[in-house]
Amino acid sequence: MRSLSDPFLTLHEEPSDAEVASHRLMLRAGFIHKVAGGIYTYLPSAVRVLRKIEAIVRKEMNRAGGLEILMPSLQPADLWESTGRWEKYGKELFRLSDRHERAFALGPTHEEVVTSLMAGLVGSYRQLPVLVYQIQTKYRDEIRPRFGLLRGREFIMKDAYSFSTSEEDAKAIYHKMQEAYRAIFRKLGLRARMVDADSGLIGGNLSHEFMIMAPSGEDTVVSCQSCEWAANIEKAEGMDACPLCQGSLSRETAIEVGHVFYLGQKYSLPMNGLFSDQDGQEKPFVMGCYGIGVSRLMACAIEQSHDDRGMIWPVSMAPFQISVLPLGPAASESPFVKDLVEALMFRFPDEVYIDDRDLRAGVKFGDADLKGFPLQVICGEKNLASGNVEIKVRKTGAREVLPVKAVPERISAILESLGA
RNA sequence: CGGGGCGUGGCGCAGCCCGGUAGCGCACCUGCUUUGGGAGCAGGGAGUCGGAGGUUCAAAUCCUCUCGCCCCGACCA
């Protein structure tokens, strides 16, 4: 991608209403644009990050046996009435009506829709278990949207739902999802922690949250100093020692990015989600549901990885892995640079960003650091005169000068060492 | 929903108390000079002062209503 066709400018001044790093940096770097409170347009760089996160999530869901579907955001009220949540969900549910005054909700989650789907499609134990998932925009009329993408009223979520014939089978899937989540966060290059959690409005009696430790987090994790046990503060309320080993407890703020629930028959029972078992008996599905906040994850990555110059993307979700900075008018026209760019685009397809704007070096450096792509290939006129360019690693600040021809191979090695 | 604050060119703000022809920085456009860490000079374009009503010879400024946004408390990926 050439920056000449990139109309999304970076800002030199701090946005006045951004409280946390991810929000501030995304505004400054031209990742998002606010449309209304808690509602944003994702600009090209942000979309690229989202697509990368989604690709990793998809891969792990598919590996775990998940089948991707896509359910509607617009959901009829009677589905919600069938589980009592039309009343219980409260003001957080966006409600609207069609031209015939029929009531609808904008989906904040999809237990009702998916249970009704499976109730209609599945009749026999032979069809089970099933795991379906989707990646989709969700709507919640948050009491107080804030912190940019960390708490929006419209956000992107991966939600998965499992249907099993027994509690044992359902819990096996639940544990498989826990493992899939660990793999997802590891591949994204994020440090996440799994903690015991409350089930809240979704229901069920077994639930774990995946937390990204961050000072800007709105959640608090209580963890044992001596063993691995940790829980959401709501779950740990009243405890003064670790329930496993009696060790002492400490608290840290965190951001919730994933949540797995064992639902049991909470939805299948009221919604008649039944299958026939081996004996010909009709039984309700035993369910689980599993969410990951995709757009929130993008913000978390920044919360967890930035410095005073800007974002520092993990290779796995960087909008581009490589930015090329030709400095000065002669560099942009240099045959060395043209050949280099061609070679890089061949070797790293769709991962090369070229800042060929007619701007001073300092501006390009500043923007490159702000946007935080992992590697910068700096093409200055003096180095070019001797057939060299410089590679800078955003994360460490390490720089090296090397011959143009050696660049692709070297970049490959550095990306590898950065965990690509 | 309660408490606090703010709406003035794209962004950040001043002006409001004490009414009198809308200003600054950044960004943008043109030209010349510059060119490895956010350049200099000169010129230029751009604002229904959130909206409606009122007071007044005159309203960004005073009054009333309204909408939006942000921050602090009760929910969640």
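When reading the values below, keep in mind they use all heavy atoms of this one structure, side chains included, and skip hydrogens, waters and symmetry mates. Naming: A, B, ... by sequence-line order, numbering from 1 per chain.
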A:Arg144 side chain N/O closer than 4.0 Å to the phosphate oxygens (OP1, OP2) of B:C72?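 Checking A:Arg144 against B:C72: at least one side-chain N or O falls below 4.0 Å of OP1 or OP2.
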Report yes if at least one side-chain N or O of A:Lys138 is closer than 4.0 Å to OP1 or OP2 of B:C76; otherwise report no.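 The answer is no; no side-chain N or O of A:Lys138 sits under 4.0 Å from OP1 or OP2.
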Pairing check on [N]: which nucleotide meets the Watson-Crick or G-U wobble criteria with it, both distances under 3.5 Å?
| N | result |
| --- | --- |
| B:G38 | none |
| B:A74 | none |
| B:G45 | none |

For A:Gly380, answer base if it contacts any base atom (sugar-phosphate contacts may also be present), sugar-phosphate if it contacts only those atoms, and nothing otherwise; contact means non-hydrogen atoms under 4.0 Å.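 Result for A:Gly380 = base.
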Got a salt bridge between A:Glu209 and A:Lys235, using NZ or NE/NH1/NH2 to carboxylate O under 4.0 Å?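 Looking at A:Glu209 and A:Lys235, the cut-off is not met.
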With a 4.0 Å cut-off, would you call A:Arg251 and A:Asp219 a salt bridge?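 Answer for the salt bridge query: no.
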Does anything in residues 402-420 of chain A form a side-chain hydrogen bond (donor to acceptor under 3.5 Å, both in side chains)? List the pairs, not counting sequence neighbours.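 Non-adjacent pairs meeting side-chain hydrogen bond (donor to acceptor under 3.5 Å, both in side chains): A:Arg347-A:Glu409, A:Arg347-A:Ser412, A:Glu400-A:Arg410.
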Rounded distance (Å) that lies between atom [atom2] of [N] and atom [atom1] of [X]:
| X | N | atom1 | atom2 | value |
| --- | --- | --- | --- | --- |
| A:Glu256 | B:C76 | CD | P | 10 Å |
| A:Asp358 | B:U30 | CG | P | 11 Å |
| A:Tyr89 | B:C75 | OH | C1' | 9 Å |
| A:Glu237 | B:A74 | CD | C1' | 14 Å |
| A:Ile391 | B:G36 | CD1 | C1' | 16 Å |
| A:Ile143 | B:C1 | CD1 | P | 12 Å |
| A:Leu106 | B:A77 | CG | C1' | 17 Å |

Take the angle between the ring planes of A:Tyr181 and A:Phe185 and call it parallel below 30°, perpendicular above 60°, tilted in between.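 Perpendicular: the ring planes of A:Tyr181 and A:Phe185 meet at over 60°.
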Please find out if less than 6.0 Å separates the ring center of A:Phe373 from that of A:Tyr353.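 A:Phe373 vs A:Tyr353: aromatic centres under 6.0 Å.
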Kindly say whether the aromatic ring centers of A:His259 and A:Phe261 come within a distance under 6.0 Å.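 Yes.
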Summary of protein contacts for nucleotides 37-50 of chain B, nucleotide by nucleotide, where a base hit scores B, a sugar-phosphate-only hit scores S (4.0 Å, heavy atoms): BBB-----------
